Amino acid sequence: MEKILMKQIVTRFAPSPTGTLHIGGVRTALFNYVYAKQNQGKFLIRIEDTDIERSTKEFENNILNNLSSIGLTPDEKPINQSERNDIYIKAAEKIIESGNAYWCDCSQEDLEEMRKAQTEAGKKPMYDGRSRNLGLKRSEKTVLRLATPESGEIIVNDLIRGEIKFNNTELDDLILLRSDGSPTYHLCNVVDDYEQKVTTVIRGEDHISNTPRQIHIQNALGYPELEYAHLPLVLGTDKKRLSKRNAATSLEEYRDQGYLDSAILNTLARLGWSQGDKDVFYMDDLIKDFDIRDVQKAGAIFDITKLDWLNSQHLSDLSLDSFKEQLEPFLQKLDIDINDHEHVDLLIDSMRTSDNTFSGIARSLVPYYKDIKEYDAKALEKFVADKNLLEELKDLLSEVEDWNQDNINDVLKDFQIKKELSVPAVNQPIRISLTGSTKSPGLGLTLCLFGKEKSIDRISNLLNFLS
RNA sequence: GUCCCGUUCGUCUAGAGGCCUAGGACACCGGGUUUUCAUCCCGGCAACAGGGGUUCGACUCCCCUACGGGAUGCCA
């Protein structure tokens, strides 16, 4: 039997390089990527750099590098709209020939005045088509406008939202070519989706109202229909669209803080989508389980505490080797060589859960690699009232021959019982001596981690500090 | 203003007319384990925006209102 030929699914992420890669953008790219992969399709990237004023190569590189390093690699080399001008011009000419576009010589001032009048009259500001039947010729001050049908409606069938209807009377004649001859966003976008054989447009819901305009351009060009999915927006805690004003937005900031790529992706995927009671997802799970039709319609607030928790989950799934490898750069930033410790593996393994992020864990490791600069004042006040006790403990530990956890614990326990002291009264002063705070792995283990000599030294240091 | 999209615990969400005394997770609070902290375990708090319909029955369907968001550019 002849195999039924299904169209290969092609999705694309089309950022404009006017800023660094935004986590909202990462989410859009992720959904595009996953949708393509689960359908054996292709995921493409297109740089929409037609705004020469604001687009920079630097931002473009940032976006491209960050996307690929987080694993969202495109299946083809990304294309730049700025290099495809002739293709858009050709398409525009085709629309002119079909009679679906016209030249308009309204000045910016004319338009402003028109909009002002419309607003004052309580109407929707939109181009009124005044040049439509003037039969103007092209000149330096004309723009090319699409002749949008004056009646009828466009129905967008959205994978997430279902049917969305737009009355053509609500749409004005958008500009296809600027007066300098350059093509605008809508034209380029439509032409490239066709040229790149895109089948499915997955983008933010801020593009919903752009969709009918773009469909009109497609129609004028005779292009086939596309599938659409408009994602709910990622919001800040103020319920406003996520921006620099209400949160850290660039992907790099999160990575620098020590969040795992997989945890960032997991968090972003769970923003607007869920599958049963499961919370922890890796890329493979997403490709298997994700369903674009299950995506939520309402915007979702990006909550850092969720990322924290998910990161701790992903962190605990890491092997010790992988954990160490990824932690290393964060220690380097603190001028610490991870291997500059006698019991590296034991140390790192016992400190894995000390924080939710690599940077936090690195910070809590500092006392194990470097001399203590300061002691937790509250801890001192509470547990080190008696210097003599600490002196006694120092002598006691100095006498331990075989420096191992059991021996140390036994010695301390005997001392505590003999002196009729509480456990913390004995242990905390030692802990503070070693780490500067009351936090550390089990005390016997901690003392072993430091070794006899260094442990005694640090107790002496605290004694000196106190006098 | 107009058009479009949306509205379940603080947050992310489950819920496709009876399974809902509205479930889970995070956060938070309390307890246990840990000689400390973290981890881990147990428990608790907490929501269907409001009003009308439709129906024997509505978180679920329809309408209105309110609120939020988006669009309304020779930006993308």
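From a predicted model like this one, the values you see are computed outputs, not experimental measurements. Below, all heavy atoms of this structure are taken into account, side chains as well, without hydrogens, waters or symmetry copies.
Here A25(B) is the nucleotide among U36(B), A25(B), C3(B) with the atom lying nearest to any side-chain atom of Asp279(A). Considering only the side chain of Asp277(A), G23(B) comes nearest among C12(B), G69(B), G23(B). Each of G10(B), A25(B), U36(B) was ranked by its minimum atom distance to the side chain of Trp309(A); first place goes to A25(B). Distance from the side chain of Leu111(A) is smallest for C74(B) among the nucleotides C74(B), C5(B), A25(B). Among U35(B), C37(B), U72(B), the nucleotide with an atom closest to any side-chain atom of Val423(A) is U35(B). Side-chain proximity of Ser16(A) to A76(B), C5(B), G1(B): nearest is A76(B). Which of G6(B), C12(B), C74(B) sits closest to the side chain of Ala300(A) comes down to C12(B). Residue His186(A) places its side chain closer to A76(B) than to any other of C5(B), A76(B), G70(B). Proximity note for Thr50(A) (side chain, C-beta onward) versus A14(B), C74(B), A76(B): the nearest is A76(B). Nearest nucleotide to the side chain of Arg115(A), out of C4(B), G70(B), G73(B): G73(B).
Side chain to side chain, Asp51(A) and Tyr185(A) fail the donor-acceptor criterion of an N or O pair below 3.5 Å. In the model, Asp192(A) has a side-chain atom that pairs as donor or acceptor with a side-chain atom of Gln81(A) under 3.5 Å. Using modelled atom types, one finds a donor on one side chain and an acceptor on the other under 3.5 Å when comparing Asp49(A) with Ser82(A). Counting only N and O atoms by type, the side chains of Asn266(A) and Gln313(A) include no donor and acceptor under 3.5 Å apart. Thr211(A) and Arg203(A) form a side-chain donor-acceptor contact under 3.5 Å, judged by distance and modelled atom types alone.
C59(B) makes up no base pair with any nucleotide shown, lacking Watson-Crick or G-U wobble contacts both under 3.5 Å. Partner assigned to U21(B) is none, using Watson-Crick or G-U wobble distances below 3.5 angstrom. Checking G6(B) for Watson-Crick or G-U wobble geometry (two distances, each under 3.5 Å) identifies C67(B) as its partner. Base-pair partner of C29(B): G43(B) (Watson-Crick or G-U wobble, both distances under 3.5 Å).
Across C29(B) and A38(B), the matching P atoms stand 11 Å from one another, rounded to whole Å. The same atom, C1', is picked in U11(B) and in G53(B); the two are 33 Å apart, to the nearest Å. Rounded to a whole angstrom, the distance from the C1' atom of A14(B) to that of A47(B) is 13 Å. Going from the P atom of G68(B) to that of G24(B) covers 32 Å, rounded to whole Å. Atom name P, nucleotides G10(B) and G52(B): the rounded distance is 24 Å, in whole Å. A gap of 11 Å separates the C1' atoms of G18(B) and U60(B), to the nearest Å. Between C48(B) and C20(B), the two C1' atoms lie 11 Å apart (nearest whole Å). Rounded to the nearest Å, the gap between the P atom of A27(B) and that of C12(B) is 15 Å.
Cation-pi geometry between Arg145(A) and Tyr127(A) is met: the NZ or CZ atom falls under 6.0 Å from the ring centre, inside 45° of the normal. For the pair Arg352(A) and Phe323(A), the cation-pi criterion (under 6.0 Å, within 45° of the ring axis) is fulfilled.
The interatomic distance linking Met351(A) (CE) with U36(B) (P) rounds to 16 Å, in whole Å. When the P atom of G68(B) is taken as reference, atom CD1 of Ile208(A) falls 19 Å away, rounded to whole Å. Atom-to-atom, CD1 of Ile175(A) to C1' of A76(B) comes out at 14 Å; the value is rounded to the nearest Å. Rounded to whole Å, atom C1' of U39(B) lies 14 Å from atom NZ of Lys439(A). Computed from coordinates, the His207(A) NE2 to C3(B) P distance equals 23 Å when rounded to whole Å. A straight line from CG of Asp206(A) to P of C4(B) spans 18 Å, rounded to a whole angstrom. Distance CD (Gln118(A)) to P (C3(B)): 15 Å, rounded to an integer number of Å. As a whole-Å value, the separation of Leu310(A) CG from A27(B) P is 10 Å.
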Query raised in the report: When you look at Ser319(A) and Asp321(A), which way does the side-chain hydrogen bond (donor to acceptor under 3.5 Å, both in side chains) test go after all the steps?
Result: CA-CA 5 Å; Ser319(A) 69; Asp321(A) 282 344; 5.6 Å; no

Query raised in the report: Hey, mind stepping through Asp110(A) and Arg130(A) against salt bridge (charged side-chain N to carboxylate O under 4.0 Å, His left out) and telling me if it holds?
Result: CA-CA 11 Å; Asp110(A) 290 343; Arg130(A) 57 180 67 173; 5.5 Å; no

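Within the 4.0 angstrom heavy-atom criterion, base atoms lie near Lys306(A). No engagement by Thr119(A) is indicated, since no non-hydrogen atom pair under 4.0 Å with the nucleic acid exists. Pro441(A) comes within 4.0 angstrom of a base, heavy atoms only. Residue contacts shown for Phe302(A) are absent, as no nucleic acid heavy atom lies under 4.0 Å away. Contact annotation for Asp308(A): no contact, since no heavy-atom pair falls under 4.0 Å across all strands. Residue contacts shown for Lys413(A) are absent, as no nucleic acid heavy atom lies under 4.0 Å away. Within the nucleic acid shown, Asp49(A) has no heavy atom closer than 4.0 Å to any nucleic acid atom. Using a 4.0 Å heavy-atom criterion, one finds that Lys123(A) contacts the bases of the nucleic acid, with or without backbone contacts as well. Within 4.0 Å of Cys106(A), counting heavy atoms only, lies at least one base atom of the nucleic acid. Within 4.0 Å (heavy atoms only), Gly272(A) reaches sugar-phosphate atoms of the nucleic acid but no base atom.
Note on Ser274(A): a side-chain N or O is less than 4.0 Å away from OP1 or OP2 of A14(B). The phosphate of A14(B) (OP1 or OP2) has a side-chain N or O of Gln296(A) nearer than 4.0 angstrom. The side chain of Lys278(A) places no N or O atom within less than 4.0 Å of a non-bridging phosphate oxygen (OP1 or OP2) of U13(B).
Across the interface with RNA chain B, nearest-nucleotide mapping of Arg145(A) and Gly299(A) shows Gly299(A) to be the residue nearer the 5′ end. With RNA chain B read from its 5' end, the first of the two nearest nucleotides for Trp273(A) and Lys124(A) is the one closest to Lys124(A).
Side-chain atoms of Asn427(A) and base atoms of U35(B) include a donor and an acceptor less than 3.5 Å apart. With hydrogens and angles ignored, a donor-acceptor pair closer than 3.5 Å exists between the side chain of Thr353(A) and the base of A38(B). Scanning atom types as modelled, no donor and acceptor separated by under 3.5 angstrom connect the side chain of Thr184(A) and the base of C74(B).
Between the side chain of Asp173(A) and the main chain of Thr148(A), a donor-acceptor pair closer than 3.5 Å is present.
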